[in-house]
Peer 1: 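Okay, handing you the structure first.
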Amino acid sequence: KLIMSIQIKFFGQLADAVGVPQLNISDISDIESLKRRILNDYPRLKKHQFMVVMSKQVINENINLRNGDVVELLPPFSGG
């Protein structure tokens, strides 16, 4: 069985909360399980709101992930 690996990139205060700018997580099948895993592994993230972005698209639903996907977690943008 192939072990799935997803790369996660953190930006701004999210990177500060996690302590690293990026990491790889294996055996994650979808966005919701990814969120659960990182909030469990990095409880300081619970204090922050963030957007989930893949391929420059904001992801608002639970989509399936594939091996090698890159997921970016961004703090909310302040508009102006």
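Count residues from 1 along the sequence. Bear in mind the structure is a predicted one, so any value in this text is a computation, not a measurement.
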Peer 1: Nearest 0.5 Å, please: how far is CG in Leu34 from CG in Leu73?
Peer 2: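 If we round to the nearest 0.5 Å, Leu73:CG and Leu34:CG are 6.5 Å apart.
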
Peer 1: Do you know which two heavy atoms are closest between Phe11 and Pro75, and how far apart they sit?
Peer 2: O-CD, 3.4 Å

Peer 1: What are the two closest heavy atoms between Ile63 and Met54, and how far apart are they?
Peer 2: CD1-SD, 3.8 Å

Peer 1: If you group Ile, Leu, Val, Met, Phe, Trp and Tyr by side-chain heavy-atom gaps below 4.5 Å, do Val70 and Val52 land in one group?
Peer 2: no

Peer 1: When rounded to the nearest 0.5 angstrom, what distance separates CD1 in Ile31 from CD in Glu61?
Peer 2: 9.0 Å

Peer 1: What's the shortest heavy-atom distance between Ala15 and Pro21, and which atoms?
Peer 2: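 For Ala15 and Pro21, the tightest heavy-atom pair comes out as CB-CA, 4.3 Å.
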
Peer 1: Does any part of the side chain of Tyr42, heavy atoms only, come nearer than 4.5 Å to the side chain of Leu23, both counted from C-beta?
Peer 2: yes

Peer 1: Using a 3.5 Å distance criterion without hydrogens, assess whether the side chain of Asn62 forms a donor-acceptor pair with backbone atoms of Glu32.
Peer 2: yes

Peer 1: I need the Ile8 CD1 to Lys35 NZ distance, nearest 0.5 Å.
Peer 2: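 Answer rounded to 0.5 Å: 12.0 Å.
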
Peer 1: Before you tell me yes or no, could you show the steps for Val71 and Ile25 under side chain to side chain contact (heavy atoms under 4.5 Å, CB included), namely the whole-Å CA-CA distance, both residues' side-chain angles and the distance that decides it to 0.1 Å?
Peer 2: CA-CA 11 Å; Val71 176; Ile25 293 188; over 6 Å; no

Peer 1: Starting at NE2 of His48, measure out to CG of Leu45 and round the result to the nearest 0.5 Å.
Peer 2: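 It is 6.5 Å, given to the nearest 0.5 Å.
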
Peer 1: Measure the CD-CE distance between Gln57 and Met51 for me, rounded to the nearest 0.5 Å.
Peer 2: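 Between atom CD of Gln57 and atom CE of Met51 there are 12.0 Å.
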
Peer 1: Nearest 0.5 Å please: distance from the CG atom of Asn67 over to the CD1 atom of Ile28.
Peer 2: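 Rounded to the nearest 0.5 Å, the CG-CD1 separation comes out at 12.5 Å.
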
